[in-house]
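Okay, so here's the structure we're looking at.
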Amino acid sequence: MEKHYDSKQAEAKWYPIWEKNGYFHQEPGVGEPYSVVIPPPNVTGILHMGHALNQTIQDILVRWRRMQGKNTLWLPGTDHAGIATQNVVEKALRKEGKRRQDLGREAFVDRVWEWKKQYGGTIVHQQRMLGNSTDWQRERFTFDEGCSRAVAKVFTQLYDEGLVYKGNYIVNWCPRCGTALANDEVEHEASHSHLWYVRYPVVGSEKGCAGEPYKDYVMVATTRPETLPGDTAVAVNPKDERYAHLIGKTVILPLTGREIPVIADDYVEKEFGTGIVKITPAHDPNDFLVGKRHNLEEINIMNDDGTMNNLAGAKYEGMDRFKCREVLVADLEEGGFLDHIEDYENQVGHCYRCHETVESRLSKQWFVKMKPLAEPAIEAVKNGSVRFVPERWSKIYFNWMENIQDWCISRQLWWGHRIPAYYFGENIVVAETAEAALEKAKAIDPNITAEDLKQDEDVLDTWFSSWLWPFSTLGWPEKTADLAYYYPTADLVTAQDIIFFWVARMMMAGIHFMGKPPFKNIVIHGIVRDAQGRKMSKSLGNSLDPLELIEQYSADALRFSIALITSLDCDTKVNKEKFEIGRNFATKIWNAARFLESKIADAAPAITGPLTSDEKHILLATDKACKKINSLLEQYRIQDSALAVYDFFWSQICDWYVEYVKDAPDKARAVAILVDVFKKALCLLHPYMPFVTEEVAHQLGFLKEGETIMLSSFPLGYSEEEKAAWGLDEATYDFVNSKREAITALRALRAEYKVPPSTFVKVTLASDDGRIRAEEESLKKAMRAESIEFAPAGQDFAMPSKITSFATVYLSLEGLVDKAAESKRIAGELAKLAGFIKASEAKLSNENFVAHAPEAIVAEAKRKLEENKEKVAQLEKLAKLFA
RNA sequence: GGGCUAUUAGCUCAGUUGGUUAGAGCGCUUCCUUGACAUGGAAGAGGUCAGUGGUUCGAAUCCACUAUAGCCCACCA
């Protein structure tokens, strides 16, 4: 093996082999299925730390399950991401000086497809760099033919069931671009504005004197006086005692003379303005909702280009909205309705493209009725057939599902699944295909031809295809073998921020269309943040680029570090240094393998004969590690499992057993054991660090060409027969741990008394455990002892000592020691011990403690107390020596 | 405003149903390079577990309040 591990070479070599040999692919049918669908990244996306985290967790689970022998499918794919993708292509067009309208719909959509062919593979390529074991033969796209068929079928079915309907909705509208904007396309900016205080006379009130023309009025504060002609109510808070008497009364809308009601709604803030709000349902999203609740008329007073229409009143018709504001305010003042004006700073939405002030506009949109879909989805989590991990996320899920609103699914875009609704005259037909629509239309009017049918111009929300992902990707609506075998999927791994958008909706779609929830476990992990705790984002420039990290530290390093620092319970702060852990670990594995390589020729063909305690210990430690790691992964405790495998490899194998092998009494057997343990360790490590484990397994000759560690079985530990044959038992395991304590104690003594490791020392061990004498040779080596004296426990020697749970270790000092410094140190130790002793004596004299605490706890406390007392005795003796 | 969460060593975080003298990694201090590995080894310093009160024989752990921070949703006419 080379002295240095070349991660790049290994990664470049193994991934294509895995993919080409079809190790990521399995056919449905045989064995127990384990399937996962990837949260599809946007096709426009590039790999960021969030993906790296999300996909590392999935790949660990998937590789582990595959090694367990499950029939495993991890299905990859991308999302067509309506707005994002359309924007990217429009931006490119703008560089050519064109708008999408110049191309026309069909040509534009062709152009986007072209873009997708050329650039859409970026993230898919980058995912391979991570080592994802996704089945690329089954890669899908939310806008491919099959997924599109599923979308059309779902829309049609929901329409037929009465769960899809068309209704009014407020959208963000850019009057200059003439298009609707999604919420994230609206940029909010603070702007200097005013609050206009306007008097709305109560019906029946009389004219007063000058300056206060009506005696009885309500005062309304508004930032949008020009929308006044569209008001259909005035609202107060139901708990607002000041205005309780007004509720149910009628007021006169200034300038129009129209009478509108005073209503009560929680939406109104008592403290803001006057506590009275004008309600303009057609021109404000909140007012729209209030209007829905109170059945108010929606009066649209504006044209699409931002000018006023005839409903605004003859005088204002045709006027630009801002011009209208000036004129209308002047008219209010003239009519005595304007009380006063205050300066006010508010957030105003602007079009992200042309920076025009965005208008809220009433429009017809398609909706899905969510309540009937939500109920069974709530039930599925309540009754435990679907489980959130960690469990607390179910609270958030319930909170949203129980207050669910209808879902507006139409979008005024060109890139996306066009709504399969067709219009002719006053009629609407909804069908999966244009042909089917024509059939349905002919049933209504036999003379209808294809040309008479006009398809809806809008497309569906991107999530309308994503919510079908777990079954549309498996072939639905066809009855495929994949669908029958791999649905429902096992685990869904995703971040908390799309529980509503995606997870909840998949639950509803899966139950509604497949009759079963789409997955059994929903694993929610945190979000990756930077060192300051900020969300990583392009605009902040604080993102770590996973590809750069792979370049610098290797994919294995990235994966392992992510696994180690990832907590399912909270967000993860990362900085570059964290990835050194993974890099160093890969190096450690490589170097340990090199050591083994140099000894492997000495290995005995089998592990036979009476094993030493150290050999028994490593075999049992391996057994324990296998069981622990399996169990932790079963519980989705990725971080703990990574720590366990790290600790097992580094502390158990490298720090202790490899050192033991160097001086083992029966080298052939010791190496044979190391080989066996190493094989298991590589398998345990493989889900976390696929490349280095594959490379090492081949370098060491554990696998032949054409074989892969990917398909080795994940170790479960040793069988009872093996354990019996080797004489593995807990007592020996504990004994070796105790022995190590003694070795550590001796090292500490050396450090304290500044005895260099190269110096051979005289050691005395006081213990009543007979097994210790049998270990003399190995102890001498481990302690670098010139000689070891054995003495019964409790015997005192005037030498520096450390007490362990198993023996008292004495170090004979032949050199000189700084007596004053030692006296001081001992005094410090004694003070500390006195505190412990006092505390534990108090505890043990407490009858309640002795009565209630478990026996083992009490016994341990007693033992500890005795030990501390003994330590004090030793130290006092030593203090005299140094006095 | 509604919902949720966090606060433990200088830093990032563990701490599984309440129970030994609260742990890990990084960083820091001291020592150690003739071969598996200095991307290493050995030893060590460092915490009144945010605060206050309560439940309990016993609280980092359970409850209440306070302070601070963060997330999601809704956002002020």
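Because only heavy atoms are used, hydrogens play no part in the values below, and waters and symmetry mates are left out as well, while side chains stay in. Every chain is numbered from 1 and lettered A, B, ... according to where its sequence line falls, protein lines coming before strand lines. Keep in mind the model is a prediction, meaning the values are calculated, not measured.
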Which protein N or O atoms sit under 3.5 Å from an N or O of nucleotides 75-77 of chain B?
residue, atom, partner, partner atom, Å
B:C75, OP1, A:N286, OD1, 2.9
B:C75, O3', A:N286, ND2, 3.4
B:A77, OP2, A:Y344, OH, 2.5
B:A77, O3', A:T223, N, 3.1
B:A77, O3', A:T223, OG1, 2.6
B:A77, N6, A:E269, O, 2.9
B:A77, N6, A:F272, O, 2.7
B:A77, N1, A:E269, N, 3.2

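Within the 4.0 angstrom heavy-atom criterion, only backbone atoms of the sugar-phosphate kind lie near A:F500; the bases stay farther away. Backbone-only contact: A:K843 has heavy atoms under 4.0 Å from sugar-phosphate atoms and none from a base. Among the heavy atoms of the strands, none lies under 4.0 Å from A:E855. Heavy atoms of A:W650 sit under 4.0 angstrom from primed sugar atoms or phosphate atoms, though from no base atom. Here A:T280 lies out of heavy-atom contact (under 4.0 Å) with every strand. Counting non-hydrogen atoms under 4.0 angstrom, A:K864 reaches a base of the nucleic acid. A:A861 comes within 4.0 angstrom of no nucleic acid atom, judged by non-hydrogen atoms across all strands. Using a 4.0 Å heavy-atom cutoff across all strands shown, A:K662 reaches at least one base atom of the nucleic acid. Nucleic acid contact for A:V658: base, since at least one base atom lies under 4.0 Å from a heavy atom of the residue. The residue A:R583 sits close to a base: some heavy atom pair falls under 4.0 Å.
Nucleotides B:A64 and B:U55, compared at atom P, are 15 Å apart to the nearest Å. To the nearest whole angstrom, the two P atoms, one in B:U48 and one in B:G10, are 8 Å apart. For the P atoms, the distance from B:A77 to B:C4 is 27 Å, rounded to whole Å. Look at the C1' atom in both B:A38 and B:U33: the space between them is 8 Å, to the nearest Å. Comparing B:G58 with B:C13, their C1' atoms sit 27 Å apart, to the nearest whole Å. With P as the reference atom, B:G46 and B:G19 are 25 Å apart, rounded to whole Å. With both ends at atom C1', the span from B:G70 to B:C26 equals 24 Å, rounded to whole Å. B:U52 and B:A59 have their P atoms separated by 14 Å, with the value rounded to a whole Å.
Residue A:E391 contributes atom CD, which lies 17 Å from atom P of B:U17 at whole-angstrom precision. Atom pair A:M783:CE and B:A43:P shows a separation of 12 Å (rounding to whole Å applied). Rounding to whole angstrom units, CZ of residue A:R594 and P of B:G40 are separated by 14 Å. In this structure, the CD1 atom of A:I499 is 12 Å from the P atom of B:U5, given to the nearest Å. What separates CZ of A:F849 from C1' of B:A59 is a distance of 14 Å, to the nearest Å. Between the CZ atom of A:F560 and the P atom of B:A24 there is a distance of 16 Å, given to the nearest Å. Distance OH (A:Y646) to P (B:A24): 12 Å, rounded to an integer number of Å.
Picking from B:A36, B:G19, B:U16 the nucleotide with the shortest atom distance to the side chain of A:A853 gives B:G19. Between B:C57, B:C37, B:U12, one nucleotide has an atom nearer to the side chain of A:N846 than all others, and that is B:C57. Considering only side-chain atoms of A:E860, the nucleotide from B:A43, B:G41, B:U20 that sits closest is B:U20. Closest to the side chain of A:R392, from the set B:A43, B:U5, B:A42, is B:U5. Comparing atom distances between the A:L643 side chain and each of B:A24, B:U5, B:U20 picks out B:A24 as nearest. Nearest to the side-chain atoms of A:N584 among the listed nucleotides B:C37, B:U39, B:A43 stands B:U39. Candidate nucleotides B:G40, B:U21, B:A36 were compared by shortest atom distance to the side chain of A:F836, and B:U21 ranks first. The listed nucleotides are B:C57, B:C13, B:A36; the one nearest the side chain of A:N848 is B:C57. Here B:C57 is the nucleotide among B:A42, B:C57, B:U39 with the atom lying nearest to any side-chain atom of A:H852. Considering only the side chain of A:R747, B:A43 comes nearest among B:A43, B:G19, B:C13.
Classification of the A:H194-A:W196 ring pair by plane angle, with boundaries at 30° and 60°, yields perpendicular.
A:D284 and A:N286 get closest at one heavy-atom pair: OD1-N, 2.8 Å.
Surrounding CD of A:E634 are more than 12 heavy atoms belonging to other residues, nucleotides or ligands, all under 6.0 Å away.
B:G27: no Watson-Crick or G-U partner with both key distances under 3.5 Å is found in any strand. Pair check for B:G40 finds B:C32; Watson-Crick or G-U wobble, both atom distances under 3.5 Å. Nucleotide B:U17: unpaired (no Watson-Crick or G-U wobble partner with both distances less than 3.5 Å). Nucleotide B:A50: paired with B:U66 (Watson-Crick or G-U wobble, both distances less than 3.5 Å). When Watson-Crick and G-U wobble pairs are counted only if both distances are under 3.5 Å, B:G1 pairs with B:C73.
Phosphate proximity of B:U5 to A:K395: present, with a side-chain N or O under 4.0 Å from OP1 or OP2.
A:T227 pairs in a side-chain hydrogen bond (donor to acceptor under 3.5 Å, both in side chains) with only one of the listed residues (A:R325, A:K278, A:R321), which is A:K278. With A:F649 as the fixed residue, the ring-ring contact (aromatic ring centres under 6.0 Å, His included) test singles out one of A:F678, A:F560, A:W656: A:F678.
For A:K588 and B:C37, a side-chain-to-base donor-acceptor distance below 3.5 Å is present, hydrogens and geometry of angles not being considered. With hydrogens and angles ignored, a donor-acceptor pair closer than 3.5 Å exists between the side chain of A:N868 and the base of B:U21.
Side chain to side chain, A:S631 and A:Q635 meet the donor-acceptor criterion of an N or O pair below 3.5 Å. Side chains of A:Y197 and A:T222: a donor-acceptor N/O pair is absent below 3.5 angstrom, by distance only. Between the side chains of A:N591 and A:Y5, no donor-acceptor pair is found at a separation under 3.5 Å.
Where A:L564 and A:L632 each meet RNA chain B at their nearest nucleotide, the meeting point lying more 5' is that of A:L564.
Residues A:F691 and A:S7 are not in side-chain contact: their nearest non-hydrogen atoms beyond the backbone lie 4.5 Å or more apart.
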Stepwise salt bridge (charged side-chain N to carboxylate O under 4.0 Å, His left out) check, A:E860 with A:R863:
CA-CA 5 Å; A:E860 183 63 18; A:R863 198 191 63 73; 3.2 Å; yes
Take A:Q652 and A:Y657 through the test side chain to side chain contact (heavy atoms under 4.5 Å, CB included) and record every step on the way to the result.
CA-CA 6 Å; A:Q652 297 294 344; A:Y657 192 70; over 6 Å; no
